[in-house]
Amino acid sequence: QVQLVESGGGSVQAGGSLRLSCAASGDIAITSCLAWFRQAPGQEREGVANVHADGTTRHAESVEGRFTISKDNAKNILYLQMDNLKPEDTAVYYCAARTWYSSTCDILAGRYSYNHWGQGTQVTVSS
C-alpha cells in the first residue's frame, strides 16, 4: 500500500505561483509512476504531470513551460511548482501513484492507470 497526502493548495491571482507537495509513505519502492492530476467541476480528471521511477518527467501541453514536477527521493515528497497560473488552472489537484511495473508514464493515461490517490487539494486562480 501507498499513502499520499497533498498540501500547498490555495487561492492566488492570475500570474501568481503555488507549489504543491505530496508526501508519500508505504511501499514507495514498487512505485513506477507518480503523477499529478486535476479535476475541475463537471470535467474529467486529467493528468497534469508525471515522473517515472527512472526520473523521466512529462507535462501536459496545457501546462508545459508553466508547471514543473519534481521528486525528492530522500524525503519521498513529490512537488508540483506552478507558475504563471491562469483561471483555467482552477481545480482540485490530486497526487497519484502506480504500483505495477511500467516502462513509461503516458501523460494521457487516465485515472484508472493509477491505483493510489491522495485526498486532493484545491487550487483557485482568480482573474
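The structure displayed is predicted, hence computed values, not measured ones.
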Counting distance only, does the side-chain N/O of N84 pair as donor-acceptor with the main-chain N or O of R66 below 3.5 Å? no

Is the backbone of K75 close enough, under 3.5 Å, to the side chain of D72 for a donor and an acceptor to pair up by distance? yes

May I ask you to test the N50-Y114 pair for a side-chain heavy-atom distance under 4.5 Å? yes

Shortest non-hydrogen pair, A91 vs R38, comes out as CB-CB, 3.8 Å

Apply side-chain contact (heavy atoms from CB on, under 4.5 Å) to V123 and M82, showing your working. CA-CA 10 Å; V123 171; M82 305 186 295; 3.9 Å; yes

Does Y94 belong to the same Ile/Leu/Val/Met/Phe/Trp/Tyr cluster as L85, with side-chain heavy atoms less than 4.5 Å apart forming each link? no

Using side-chain heavy atoms (C-beta onward) and a distance below 4.5 Å, is V92 in contact with T121? no

Taking the side chain as C-beta and beyond, is there a heavy-atom pair between T104 and R58 under 4.5 Å? yes

Under the criterion ring pair (Phe, Tyr, Trp, His ring centres under 6.0 Å), I'd like the reasoning laid out for W36 against F67: C-alpha separation, chi angles, the key distance, then a yes or no. CA-CA 11 Å; W36 288 99; F67 292 11; over 10 Å; no

Report the distance from atom CG of L108 to atom SG of C105, rounding to the nearest 0.5 Å. 12.5 Å

Any chance you could measure C95, atom SG, to W117, atom CH2, to the nearest 0.5 Å? 9.0 Å

Where A53 and T31 come nearest, the two heavy atoms and their spacing: CB-O, 3.8 Å

Between V51 and I69, which heavy-atom pair has the shortest distance, and what is it? N-CD1, 3.9 Å

Taking C-beta and beyond as the side chain, do R19 and Y79 meet within less than 4.5 Å on heavy atoms? yes

Would you confirm whether R98, through its side chain, and S113, through its main-chain N or O, come within 3.5 Å as a donor-acceptor pair? yes

Atom NZ of K71 and atom CG of L80: how far apart are they, to the nearest 0.5 Å? 14.5 Å

Whether H52 side chain and S102 backbone form a donor-acceptor pair below 3.5 Å: yes

Return the minimal non-hydrogen interatomic distance between T68 and H59, and the atom names on each side. CA-NE2, 3.4 Å

Are any side-chain N or O atoms of T90 and backbone N or O atoms of V125, one a donor and one an acceptor, separated by less than 3.5 Å? yes

Measure across L4 and H116 and return the closest heavy-atom pair with its distance rounded to 0.1 Å. CD1-O, 3.6 Å

So CD of Q1 and OG1 of T99: to nearest 0.5 Å the spacing works out to 8.0 Å

Nearest heavy atoms of R111 and F37, plus distance in Å: N-CE2, 4.0 Å

Hey, is the main chain of Q119 close enough, under 3.5 Å, to the side chain of E6 for a donor-acceptor pair? yes

What's the separation between atom OG in S25 and atom CD in Q3, rounded to the nearest 0.5 Å? 4.0 Å

